[in-house]
Each structure stands twice: as structure tokens, then as C-alpha cells.
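Worksheet: one structure, shown below.
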Amino acid sequence: MAKKPLILVTNDDGISSPGISSLVEVMKEIGEVIVVAPDKPQSGVGHAITINSTLRIHKTKFHNVKIEYSVTGTPVDCVKMCISEILKVKPDLIVSGINHGSNISINVIYSGTMSAAIEGAIESIPSIGFSLMHDSIDADFFASKQIAKTISKQVLQHGLPKDTCLNVNIPKLHLSEIKGIKICRQARANWIEEFDKRKDPSGNPYYWLTGKFINYDEGKTDTDVWAVKNNFVSVVPIQFDMTGYTALSHIEKWKWEQEFPVDKKKK
């Protein structure tokens, strides 16, 4: 019998969230599952790591798997802790989610779900972040589970290009209503932030971050925003090298020599 792949399941909504339970359930069908996830919600922490306080891990029994720990840190802490201290070997696949809410477009920058997957890519482990575009704690994950299983099996079979992970967003639809999977790019979009200013009982101000999502690629059919809006599952390859390659030649043309010599030799 072929050896089952070792699959690390993590998330940013916390180890007891319905989304991670659904992901664990479906990953058990294709591999040996271990769970290492934050002990509390960590949405929006991005690629944060814990360096100014200690980390603790605790055995848990939420998911009926042999190896399962909660971590008092971020999703990236969980991946690092799993590889370095809990398993001490690299899993064959890391899956993160299923997130309660969208991680399309610029949201990938802020997402703890996707940062766990990106950390996997940094460790050269095939990794995927799954998000359902439904924020409710009572969200229906049936369609998401089937999609997560399909994409995970493809990644296990084919692997991923070097330094790459996948950002998968699933529309809030019944499985029969989803048109299919669209391999696409991240839309150019961002949030225009607004701070809702309020006062506490002592009269001191506090702020609640809100905002509007602005899509500058409106109508372009090759983006993740278009895909989910038109009932497709979006699959975007993500890389952690954030170098602005198209800007290199532009910046090299600046008159640096007036202040310092600039090495323009191509490596």
C-alpha cells in the first residue's frame, strides 16, 4: 500500500473554528493529517511572528487526529513550530483554512490564512490557502470541501513551481452553482480605509476600522475578483519574492553618482 502523504492543516480563525474542522475532515480522505493552529482567532495578522513574548503549545482533541496542537501565536508561528519542534520533518503538503471570508486581491497581504501558506512556500513545501466568501460562523462548507479535495490532490500529484503557493477563493454558492475553477491573477484593488470614531463610557475616543473595496481592474476577466463574482473558484499562484523587477531599470537611471557610486553590474 502506498504511503499516505503527510498533511499539515492550519488556519487563522483558530483551532476550533468550523472552517478548519471541514478542512481536516476532507484531508483525512487523502492523507495522514496533523493539526497545528492558533489557540484563538488571528485574522488579519499577515506574516507576523512572535518575537517579543514566549510561545506555548498545547495538545488538543478537537479533530480526532494523532498529532494536534494549539499554539499561542500566529499562523506563521504554527508552521514554524510544527516543522522545527513538533514534527521535526517537513510535511508533504500544507493547507490553510478554510477561512471564513474572502482573501481575494490585496487581502492576501493582510491574511493570516495565506501567510501560513506563504510560509510553507518559503520552506519549499507545496502549500495552499483556502477561503470561502462567507463570513458567518454558520457558513456551509460542503462545496468548499469538495474543491479543497480536488485542488489538494492536483498539487500532491504535480507539485508546485519553486517559491509558489496557491490562493484559492470559493464563492458562496451551492456546489451545483459553481461554474468551475479559473486560474487567474490577483486583481489590482485595495481598501480605502475609514475609521469610525466613537467614545467609551469615560468619554475617551476609540476607533473601528472600516473601508470600501475599490477594484481598479473592474471588468477584466483574468482576475480573481472577476472569477468569484462570476461564480468561479479563483486559483492564484502567489510568490513571496516581492522585488519590483519592472522598477529596477527605472531606479538605476537615477543620478546616484552625485552622492554614492552605484553597482549596476548584472549578476
Side-chain angles (χ1 to χ4, degrees), residues 11-13 19 42-48 74-76 96-122 127-136 139 143-144 147-148 151 160-173 177-197 207-254:
N11 74 343
D12 75 354
D13 288 321
Q42 294 281 339
S43 296
V45 299
H47 213 94
T74 68
V76 173
S96 181
I98 300 169
N99 190 62
H100 293 246
S102 159
N103 276 315
I104 53 174
S105 185
I106 196 68
N107 293 332
V108 71
I109 296 291
Y110 309 107
S111 168
T113 298
M114 278 310 301
S115 288
I118 292 168
E119 183 66 18
I122 293 171
S127 302
I128 316 165
F130 294 101
S131 301
L132 171 62
M133 299 187 69
H134 194 337
D135 295 321
S136 171
S144 299
I147 291 158
I151 295 174
L160 287 172
K162 181 177 171 58
D163 301 340
T164 302
C165 62
L166 297 182
N167 181 19
V168 177
N169 280 273
I170 303 156
K172 177 187 166 185
L173 294 169
E177 298 173 311
I178 293 176
K179 292 181 178 177
I181 291 171
K182 187 171 181 62
I183 314 301
C184 50
R185 68 176 175 88
Q186 174 182 321
R188 183 173 178 273
N190 61 264
W191 289 89
I192 304 299
E193 280 81 13
E194 297 174 355
F195 286 93
D196 183 4
K197 184 179 179 180
Y207 300 87
W208 196 268
L209 178 60
T210 64
K212 296 177 181 177
F213 185 72
I214 307 297
N215 178 17
Y216 302 103
D217 281 337
E218 190 67 47
K220 296 183 178 178
T221 62
D222 61 341
T223 72
D224 52 0
V225 173
W226 184 92
V228 295
K229 189 176 180 180
N230 287 273
N231 300 346
F232 287 92
V233 175
S234 68
V235 177
V236 179
I238 299 292
Q239 295 188 315
F240 53 81
D241 181 351
M242 301 179 75
T243 304
Y245 288 100
T246 57
L248 284 173
S249 59
H250 173 78
I251 295 172
E252 285 176 347
K253 293 176 182 175
W254 294 358

If you look at every heavy atom in [X] and [Y], which pair is closest and at what distance?
X	Y	result
E177	N231	O-CB, 3.9 Å
V76	G46	CG2-O, 4.4 Å
S136	H100	O-ND1, 3.1 Å
D12	G112	OD2-N, 3.4 Å
D224	S105	OD2-N, 2.7 Å
L132	A139	CD2-CB, 3.9 Å

Do [X] and [Y] come within less than 4.5 Å of each other through their side chains, counting heavy atoms only?
X	Y	value
V45	P75	yes
I181	I151	yes
I170	I178	yes
I122	H47	yes
V168	V235	yes
D163	D241	no
S43	D13	yes
Q186	I238	yes

Are the side chain of [X] and the backbone N or O of [Y] linked by a donor-acceptor pair below 3.5 Å?
X	Y	result
N169	S102	no
N99	S131	no
S96	A116	no
T164	K162	yes
D196	T210	no

> Taking 4.0 angstrom as the limit, do D217 and R188 come out as a salt bridge?
Replying inline: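 Here D217 does not pair with R188 in a salt bridge, since their nearest N and O are not under 4.0 Å apart.
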
>> Would K220 and N215 count as a side chain to side chain contact (heavy atoms under 4.5 Å, CB included) here? Give the steps.
In response: CA-CA 10 Å; K220 296 183 178 178; N215 178 17; over 6 Å; no

> Are T113 and N11 close enough that a side-chain donor and a side-chain acceptor fall under 3.5 Å?
Replying inline: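 No, no side-chain donor-acceptor contact under 3.5 Å.
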
> Mind checking whether W226 and F232 have parallel, tilted or perpendicular rings, split at 30° and 60°?
Replying inline: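 Rings of W226 and F232: parallel, as their planes differ by under 30°.
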
